[in-house]
Student: 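Could you have a look at this structure, given as structure tokens, before my questions?
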Amino acid sequence: MHNDVEKTLLSEAQIQARIEELAGEMNALYSDDDAPMLVCILKGAFLFLADLVRHLEFRHEVNFMVVSSYGSSTKSSGIVRILLDLESNIKGRHVMIVEDIVDTGHTLDYILRNLSTRHPASLRVATLLNKPSRREVQVPVDFVGFEIPDEFVMGYGLDYAEFYRNLRYIGVLKPEVYQR
Ligand code: 5GP
């Protein structure tokens, strides 16, 4: 385990097994004819997307959006900006948003409203992590990897101050790291 990590919340094996299960549910839902577009929300969901798509058996596209929430590094403010938008039109397409974590729900709420105005055929959400106890806005989530308690987590795509995204597991930082 990395020196800065207090504890592992989800091991590499747990994450990989759950992603395979989620992919199984998606394989039952979508067909080649649906050819959904998976919209990966960067940066946090990049590893989740990469591992997920390797288990998908239906034809699909991947696309990326970069969004940022104003606020401190550990707290979202509810003000969301699109820094990089989709490169293609989603009108009439089946779309699935791939997120790292839904916390207050503000980021996802903004993305859902924004993409809805573009008239996709369907709009679903897959998130690796969910912190239901922190919700401030109700948002529909179709696929959830893990429900986690109210702790700031990092690893497996999620950062603290842009570091630790490369960890294969999801962990909680030692409090002294925040105070540095
Ligand atoms: P929300 O808008 O739902 O409050 O927050 C969503 C975004 O905040 C996530 O996409 C993620 O970037 C960030 N976030 C929320 N909770 C955590 C956490 O525990 N760890 C990390 N690294 N990022 C988080």
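Counting convention: from 1, in listed order, for ligands and their atoms alike.
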Student: Indicate yes or no: does an N/O atom of V153 lie under 3.5 Å from an N/O atom of ligand 1?
Tutor: yes
Student: Where's the contact between D100 and ligand 1, heavy-atom distance under 4.0 Å: side chain, backbone, both or neither?
Tutor: side chain
Student: Just to be sure I'm reading this right: ignoring hydrogens, which of T104, L173, I79 gets closest to atom 1 (P) of ligand 1? Compare them by their nearest heavy atoms.
Tutor: T104
Student: Ignoring hydrogens and angles, tell me if any N or O in the side chain of R168 forms a donor-acceptor pair with the backbone of E12 under 3.5 Å.
Tutor: no
Student: Answer with yes or no whether G105 contacts ligand 1, where contact means a heavy atom under 4.0 Å from a ligand atom.
Tutor: yes
Student: If only atom types and distance count, is the side chain of Y156 paired as donor or acceptor with the main-chain N or O of L47 below 3.5 Å?
Tutor: yes
Student: Does K131 approach ligand 1 within less than 4.0 angstrom via side chain, backbone, both or neither, non-hydrogen atoms only?
Tutor: side chain
Student: In sequence, state the C-alpha distance, the side-chain angles, and the governing distance for N63 and S88, and then conclude on side chain to side chain donor-acceptor pair (under 3.5 Å).
Tutor: CA-CA 8 Å; N63 229 307; S88 47; 3.1 Å; yes
Student: Are the side chain of T8 and the backbone N or O of S11 linked by a donor-acceptor pair below 3.5 Å?
Tutor: no
Student: Assert yes or no for the condition that the ring centre distance of Y30 to H60 is strictly below 6.0 Å.
Tutor: no
Student: Could you establish whether Y160 and ligand 1 come within less than 4.0 Å of each other, counting only heavy atoms on the residue side?
Tutor: no
Student: Would you please determine whether E99 falls within less than 4.0 Å of ligand 1 on a heavy-atom basis?
Tutor: yes
Student: With a cut-off of 4.0 Å, which atoms of ligand 1 are near a heavy atom of E151?
Tutor: 19 (O)
Student: Can you tell whether the side chains of E147 and K131 come within less than 4.0 Å, N to carboxylate O?
Tutor: no
Student: May I ask whether L108 places a heavy atom under 4.0 Å from ligand 1?
Tutor: no
Student: Are any side-chain N or O atoms of D34 and backbone N or O atoms of S31, one a donor and one an acceptor, separated by less than 3.5 Å?
Tutor: yes
Student: Below 4.0 angstrom from a heavy atom of L158, which ligand 1 atoms are there? Numbered from 1 as shown, please.
Tutor: 20 (N), 21 (C), 22 (N), 23 (N)
